Q: 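Input: one structure, supplied below.
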Number of protein chains: 2
Amino acid sequence: MGSQVKNRPQSIHGWVAAELGTRIVSGVYAPGEYIPNETTIGEELNVSRTALREAFKILAAKGLIESRPKLGTRIRPRKYWNMLDAEILSWCFESKPSPQFFISLFEIREIFEPAAAELAAKNRTEDQVAKLSDAYQAMENAELGTEEVFSSDLEFHLAVLEATNNEFMISLGMTIQTAMMGLFRLSSSIEEEYKDSLPDHRAVYEAIAQQDAAGAKQQMFELLADSKENLDYALKHFVE
Amino acid sequence: MGSQVKNRPQSIHGWVAAELGTRIVSGVYAPGEYIPNETTIGEELNVSRTALREAFKILAAKGLIESRPKLGTRIRPRKYWNMLDAEILSWCFESKPSPQFFISLFEIREIFEPAAAELAAKNRTEDQVAKLSDAYQAMENAELGTEEVFSSDLEFHLAVLEATNNEFMISLGMTIQTAMMGLFRLSSSIEEEYKDSLPDHRAVYEAIAQQDAAGAKQQMFELLADSKENLDYALKHFVE
DNA sequence: TAGTGAAATTTATCATACAATAACATAAAG
DNA sequence: CTTTATGTTATTGTATGATAAATTTCACTA
């Protein structure tokens, strides 16, 4: 009896963190609410207190929970959640996110990506321009229908990020990119759009190479505009 | 004998996480390098394996380290570090950050704060306008030389964030704000600037209230420009 | 040379005991 | 009656020791 669960990934504490993390972001446990005490919930999940506490530390590190002796462990207010964390994002995707979730994600992306391109145009080194060129070439050569389509696209955007030489930009961009990629992989309209987006990518690359900050920003903005139908797709297929 | 250390905060695992986190961001352990195995470093720090492992989970959750059986625990490449995490930032501040660190932080701020104001002008509700108004009033009434100067300023910027109704913006903005505040508290030039910045704050508030997105963005940009000498201060006093 | 398998090292998990904390109730003192 | 002190108790925090699991390494074999 008790809790039956699907796939236990690598480690148990990892699985517990994912299980509880998903419960939290999906609202099973609401902010302010207290999680049952460690021994109780440990029995419910059939894990030792040790493993459970290691999971708690993970969740606490991401701002989701807060533990105090005598009081217990409770869910922190949403505004303290580290939403731009890869794991939290993946837990959100598993939880039938609200439309607002996707809208917000696209809003951030529309702010962030052009800004990254602008910064890259200002800060990039010659080496980084070369890498960017390689990444663009890989996109041109990618065979439709293969995984290459996604990986080369991802590679290009990561090359832009690195060219910003701003570690915060890089950190932020990595999580946003991978989140978006996870979404795009499920979208069907990708194949056709891919060819069409090549000129846009080239324009971004060239603007960065020429240190044309305003141009890079603008070109990236246009690139994003074209892929915006993915938002519609997400809204249709992911929200309940 | 052994390791002598200053202040052990609340919990031991919390202290260990801070201690090792600081070592990592300051480069004592370099990316790719392996940390001594759990029993060894546990003895060095005089903590049980239990507490040490809980600290490891915290660091792993923030992307700093990665553990594997037989191999051990090693520092992950910098690009996987969750740099926009409040704790990681505080560990960075304690470690004589490079000039590039501060420059990057200010770059990020200059991108996201105006974007947040713009978004707030678009998405804000009437309730949020009221809160923003209150926050501005508190700034006007704040007595110079008191903690109120900082707290009301912080309150205002947080109110802008909340008005974006974008949970990613809120999460991102909170960490940036608190990091900057920690810096400004140490700057001497704050007092004079404070009065001067009131009109700018008011302009931001009014633009948001009037749903003037472009205006809000522009006004916030100007507000930041005025406080930019704090960067000079940081560069002078924090870098070695 | 390739493949197979045993060994060794390290993390992962569990069980148990005890310490520390802080909320709450209770009682004592003013 | 209010305040202060004290003890009780529920919960997390820490320590220890034992065992399991993972996986790299390396020797051995075909």
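Throughout, a chain's letter reflects where its sequence line sits, starting with A, and its residues are numbered from 1. All values reported here derive from a predicted model rather than from experimental measurement.
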Q: Can you check the B/L52 CG to D/dT16 P distance for me, whole Å?
A: 13 Å
Q: Of the nucleotides C/dT13, C/dT21, C/dA17, which one has an atom closest to the side chain of A/P69?
A: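 Nearest to the side-chain atoms of A/P69, counting from C-beta on, is C/dT21.
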Q: Taking atom types as they are modelled, would you say the side chain of B/R49 forms a donor-acceptor pair with the base of D/dG17 within the 3.5 Å cutoff?
A: no
Q: Any N or O donor-acceptor pair under 3.5 Å from the base of D/dA15 to the side chain of B/T50?
A: yes
Q: Any base atoms under 4.0 Å from B/R53, or only sugar-phosphate, or nothing? Heavy atoms, all strands.
A: base
Q: Would you tell me if any nitrogen or oxygen in the side chain of B/K57 comes within less than 4.0 Å of OP1 or OP2 on C/dA12?
A: yes
Q: Looking at D/dA15, D/dT23, C/dC14, which one has an atom nearest to any side-chain atom of B/V47?
A: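 That would be D/dA15.
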Q: I need the CD1-P distance between B/I41 and C/dT11, as an integer number of Å.
A: 10 Å
Q: Is it true that a side-chain atom of A/S151 and a backbone atom of A/E148 form a donor plus acceptor pair closer than 3.5 Å?
A: yes
Q: Please tell me if A/H13 has a side-chain N or O lying less than 4.0 Å from either OP1 or OP2 of C/dT13.
A: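 For C/dT13, OP1 or OP2 has a side-chain N or O of A/H13 closer than 4.0 Å.
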Q: Side-chain N or O of B/R68 versus OP1/OP2 of D/dA22: is the shortest distance under 4.0 Å?
A: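 For D/dA22, OP1/OP2 do not have a side-chain N/O of B/R68 under 4.0 Å.
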Q: So which of A/Y194, A/F156, A/Y136 actually passes ring pair (Phe, Tyr, Trp, His ring centres under 6.0 Å) with A/H201?
A: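 Testing each of A/Y194, A/F156, A/Y136 against A/H201, the sole residue satisfying ring pair (Phe, Tyr, Trp, His ring centres under 6.0 Å) is A/F156.
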Q: When you match B/N37 and A/S48 each to their closest nucleotide on DNA chain C, which lands nearer the 5' end?
A: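 Upstream on the strand: B/N37.
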Q: What is the distance, rounded to the nearest whole Å, between atom CD1 of A/I58 and atom C1' of C/dA12?
A: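 Answer to the nearest Å: 12 Å.
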Q: Distance-only, no hydrogens or angles: does the A/K62 side chain make a donor-acceptor pair with backbone N or O of B/A61 under 3.5 Å?
A: yes
Q: What is the distance, to the nearest angstrom, from the CG atom on B/N46 to the P atom on D/dG13?
A: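 Value for this atom pair: 21 Å.
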Q: How close or far is atom P of D/dT11 from atom CD1 of A/I65, stated in whole angstroms?
A: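 Those two atoms, CD1 and P, are 16 Å apart.
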Q: Take atom CZ of B/R74 and atom P of D/dT24, then tell me their distance rounded to the nearest Å.
A: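 After rounding, the gap between these two atoms is 11 Å.
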Q: Using atom CD of A/E43 as one end and atom P of C/dC14 as the other, report the distance to the nearest whole Å.
A: 13 Å
Q: Please report, rounded to the nearest Å, how far the P atom of C/dA22 is from the OH atom of A/Y34.
A: 13 Å
Q: So does A/R76 get a backbone contact from the side chain of A/W81, meaning a donor-acceptor N/O pair under 3.5 Å?
A: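 Yes; at least one donor-acceptor contact below 3.5 Å.
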Q: Hey, does the side chain of A/T146 reach the backbone of A/A142 with a donor-acceptor pair shorter than 3.5 angstrom?
A: no
